[in-house]
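Data first, discussion second: the structure below is written as structure tokens.
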Amino acid sequence: MKKGRQTFDANFKLEIAKMVRDQGLSVAHVSQSMNVGPTAIRRWVEQYEAELKGQAGIGKPLTPEQQRIRQLEQENRQLRTDVDILKKASAFFARDLK
């Protein structure tokens, strides 16, 4: 029987990345003790290091600050789309009034 793909929340990923980066534990040791693949741990550590440098990194953000930034960027895109739609609608109705 095939095993399903594991999913982990951002807090768990952040704690694992901190164990490797801040506590100096090896990826192999953390991988064995936490039953998580080493490739995933390396990716989480890269993401964490990128976020510490203020970069967005790849994938879902780990730190609360980057999560908030990602949320605000998404809201900003949605609001810009809404404004464009309203501009087009107002131009359409203004043309009909003339």
Side-chain angles (χ1 to χ4, degrees):
M1 212 162 122
K2 198 172 190 181
K3 231 168 123 177
R5 185 177 184 146
Q6 290 180 307
T7 57
F8 305 99
D9 68 338
N11 290 331
F12 180 78
K13 293 176 183 180
L14 182 60
E15 289 304 315
I16 296 292
K18 285 181 179 181
M19 288 172 71
V20 172
R21 187 178 186 278
D22 299 340
Q23 296 178 12
L25 299 174
S26 71
V27 171
H29 175 73
V30 174
S31 173
Q32 288 176 345
S33 65
M34 301 302 283
N35 197 24
V36 178
T39 305
I41 293 174
R42 284 188 202 96
R43 200 171 45 243
W44 299 341
V45 170
E46 286 179 23
Q47 177 76 25
Y48 179 58
E49 289 175 346
E51 290 178 11
L52 289 177
K53 294 177 184 174
Q55 301 168 350
I58 302 169
K60 295 180 181 176
L62 300 178
T63 60
E65 296 85 15
Q66 286 296 326
Q67 291 173 357
R68 181 72 177 142
I69 289 170
R70 187 79 52 99
Q71 177 189 7
L72 291 172
E73 287 173 344
Q74 183 179 2
E75 288 177 16
N76 192 6
R77 279 192 300 275
Q78 181 63 44
L79 291 172
R80 287 179 187 270
T81 302
D82 294 348
V83 166
D84 287 342
I85 291 171
L86 290 173
K87 283 181 182 179
K88 290 176 184 177
S90 65
F92 175 78
F93 289 119
R95 185 179 61 206
D96 286 345
L97 293 176
K98 290 183 179 181

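All values below were derived from every heavy atom in this structure, side-chain atoms included, with hydrogens, water molecules and symmetry-related copies excluded.
Taking CD of Gln32 as the start and OG of Ser26 as the end, the distance is 8.0 Å to the nearest 0.5 Å. To the nearest 0.5 Å, atoms CG (Asp9) and CD (Glu15) are separated by 10.0 Å. Considering CZ of Arg77 and CZ of Arg80, their distance stands at 10.5 Å, rounded to 0.5 Å. In this structure, the separation between CD on Gln74 and CG on Leu79 is 10.5 Å, given to the nearest 0.5 Å. Between the CD1 atom of Ile16 and the OG atom of Ser33 there is a distance of 7.0 Å, given to the nearest 0.5 Å. Residue Leu52 holds its CG atom at 7.5 Å from CG of Asp22, rounded to the nearest 0.5 Å.
A donor-acceptor contact closer than 3.5 angstrom links the side chains of Gln71 and Arg68. Asp82 and Gln78 share a donor-acceptor pair across their side chains, judged by distance under 3.5 Å alone.
Considering every non-hydrogen atom in both Asn35 and Gln6, the closest pair reads O-OE1, 4.0 Å. Between Leu14 and Leu62, the shortest heavy-atom distance links the atoms CD2-O, 4.0 Å. Of all the heavy atoms in Gln67 and Pro61, the pair that sits closest is NE2-O, 3.4 Å.
Counting heavy atoms of neighbouring residues, nucleotides and ligands inside a 6.0 Å radius, atom CD of Glu75 exceeds 12 of them.
Evaluation of the ring pair (Phe, Tyr, Trp, His ring centres under 6.0 Å) test over residues 30-61, restricted to residues two or more places apart or in two chains, returns Phe8-Trp44.
There is a path of hydrophobic side-chain contacts, each under 4.5 Å, that joins Leu25 to Val36.
Of the candidates Glu49, Glu51, Glu46, Glu49 is the only one forming a salt bridge (Lys or Arg N to Asp or Glu O under 4.0 Å) with Arg21.
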